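Hydrogens, waters and symmetry mates are skipped; everything else that's a heavy atom, side chains included, is used. Just so we're clear, the structure is a prediction, and the values are computed from it rather than from any experiment. The sequence lines fix the lettering, A, B, ..., with proteins before strands; numbering per chain opens at 1.
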There are 2 protein chains.
Amino acid sequence: MFTPLFYVYLLNDTQDIFYRFKMLSYTEENYLKIIFSLSYPNSLEITTNDIAKKLEINPASVSDMLKKLNQKKLIDYAKYQGVRLTNEGKKIAIEIVRKHRLWETFLVDKLNFSWDEVHDVAEQLEHIQSSLLIERLYKFLDCPKFDPHGEPIPDEHGEFPVTENLICLNSCKNQQKIQVKSITDDSSALLQYLSKISVSIGVSIEICDKNSYDNSIDVIINENKNVTLSKEISEKIYGVLL
Amino acid sequence: MFTPLFYVYLLNDTQDIFYRFKMLSYTEENYLKIIFSLSYPNSLEITTNDIAKKLEINPASVSDMLKKLNQKKLIDYAKYQGVRLTNEGKKIAIEIVRKHRLWETFLVDKLNFSWDEVHDVAEQLEHIQSSLLIERLYKFLDCPKFDPHGEPIPDEHGEFPVTENLICLNSCKNQQKIQVKSITDDSSALLQYLSKISVSIGVSIEICDKNSYDNSIDVIINENKNVTLSKEISEKIYGVLL
DNA sequence: ATAAATTTTTAGACAAATCTAAATTATAAT
DNA sequence: ATTATAATTTAGATTTGTCTAAAAATTTAT
């Protein structure tokens, strides 16, 4: 049903160095990325349904692909048991995350995209195959450690920068105040909304009141703007206590 | 056998403008680009075999795709009669050429790629779908008119810059001398060779002798280097008479 | 502990883009 | 004008990634 795992030696970047290269399709890369992001940072076990929902496809399709990725030793998967990335799979996933965040940085820093315009384009750019390209881009951007949403960018060895201990706005108590450090979702719908209410990396948010009915919170943004944030929003905002 | 032509209205670039968008696959885009480049600049009729050779695939596969592109009204094609781009097909092909050449320019000017390293990466980048991206890139590069190989870059309306009257090195007579203005093939094999013999945009080449047996020519590069160039090489080099 | 509900997998089908082999059409050569 | 050669197309198969419907396994609830 599936072709066996195979490695090929490919001439990459039209450079004269050959290197071991696991041939992955655009789609396979996407699965690895999704599994990684759903399990980050705790390497949780992910379910077929989680992936199907995220990719907006049928769970049956996911089952097929999981079988294939398992054969390629990129995930650990047994029927009905959930999925976890292998070290090899994780390495590839981190590489894709790295590319995604570097491209987002490029788009914002060099091409003047706003932070809510970058996601869809970066989703495409992250699949461009060229290690030379990504290393040159990394240098061109001055080896950035965080992307425009404050998300950490892994270095060339796949290591994430050490971050201050971030806490979720959602988990703050009344009267606590944080400085926003990262938004853990780069969808344009969320980011456009945050822009509208003047939330960006660096602003302060003070918790005034918590509504236990819907878990929304009343906050003051940058000492001057009162807003109510839904649970869905507040759990995407991370920062350091002020 | 093939799905009917259809147009969709898509939200592009996460911007709030909808626009008419002909859904094309990566592969379909490549066919249009190949047909364009094989027929440029005279809109020649192209054969199934020409395309098969260029794409290194079986002519039978090309036949299938031509039928499909014809149905989509991107080419004019009748069985056994050859192919020609329609205006719509040409517009799309030029857009891809534009993207390819802008990305090549980016790689060389901003990321310090050498001219022989850009082709394979640009082949991937040219298929990124985002008009916002390409217009921003265009501005970022200061609206370049020529790519690193001297090839003209169409503007945002698909217009090619007017060029001096270029003549092919291949068609020069003995003792004539040209200044190199463009190389009409960006394969790394050719460009690496040209680098090795010190041919680049701007250098002078003087024809010393023509060998009618294999159509090779003996030339002097930049007044100091004697080299013999094969027909295959000399027909890729264009310039202005000095 | 069993039944009900949910999740996951299998089976079979489909579209896109390719292939090989065979048939057809066009072109060139005598 | 007929034949030989070359180019092109058709027919049928394959791979990848998806689907729907049905079957199987797991989880939840009583």
>> Name the residue from A:Leu125, A:Leu107, A:Thr105 that meets the side chain to side chain contact (heavy atoms under 4.5 Å, CB included) definition with A:Val118.
In response: A:Leu107
>> Taking ring-ring contact (aromatic ring centres under 6.0 Å, His included) as the cut-off, I'd like each qualifying pair that reaches into residues 60-80 of chain A, sequence neighbours left out, listed once.
In response: none
Output a table of nitrogen or oxygen pairs between the protein and nucleotides 18-20 of chain C separated by less than 3.5 Å.
from	atom 1	to	atom 2	distance (Å)
C:dT18	OP2	B:Tyr31	OH	3.4
C:dC19	OP2	B:Asn58	N	2.9
C:dC19	OP2	B:Ser61	OG	2.6
C:dT20	OP2	B:Asn58	ND2	3.0

OP1 or OP2 of [N] sitting under 4.0 Å from any side-chain N/O of [X]?
X: A:Ser63; N: C:dT10; value: no
X: A:Thr47; N: C:dT8; value: yes
X: A:Asn49; N: C:dT8; value: yes

> What is the nucleic acid contact for B:Tyr77, judged by heavy atoms within less than 4.0 Å: base, sugar-phosphate only, or nothing?
Replying inline: sugar-phosphate
>> Between A:Lys99 and A:Glu135, does any NZ, NE, NH1 or NH2 come within less than 4.0 Å of an OD or OE carboxylate oxygen?
In response: no
> Can A:Glu28 and A:Lys72 be counted as an ion pair, charged N to O under 4.0 angstrom?
Replying inline: yes
How many Å lie between [atom1] on [X] and [atom2] on [N], as a whole number?
X: A:Lys72; N: D:dT15; atom1: NZ; atom2: C1'; value: 12 Å
X: B:Gln71; N: C:dA15; atom1: CD; atom2: P; value: 14 Å
X: B:Glu28; N: C:dA16; atom1: CD; atom2: C1'; value: 9 Å

> Going by the angle between their ring planes, with limits at 30° and 60°, are B:Phe106 and B:Trp103 parallel, tilted or perpendicular?
Replying inline: perpendicular
> What residues, two or more places apart in sequence or in another chain, satisfy salt bridge (Lys or Arg N to Asp or Glu O under 4.0 Å) together with B:Lys231?
Replying inline: B:Glu235
> Residues in salt bridge (Lys or Arg N to Asp or Glu O under 4.0 Å) with A:Lys33, at least two apart?
Replying inline: A:Glu123, A:Glu126
>> Strictly by salt bridge (charged side-chain N to carboxylate O under 4.0 Å, His left out), give each pair with a member in residues 182-195 of chain B just once, sequence neighbours left out.
In response: B:Asp185-B:Lys236
Under 3.5 Å, N/O pairs linking protein and nucleotides 23-28 of chain D:
from	atom 1	to	atom 2	distance (Å)
D:dA25	O4'	A:Tyr80	OH	3.3

> Where the side chain of B:Lys67 is concerned, which of D:dT10, D:dT8, C:dT8 is the nearest nucleotide?
Replying inline: D:dT10
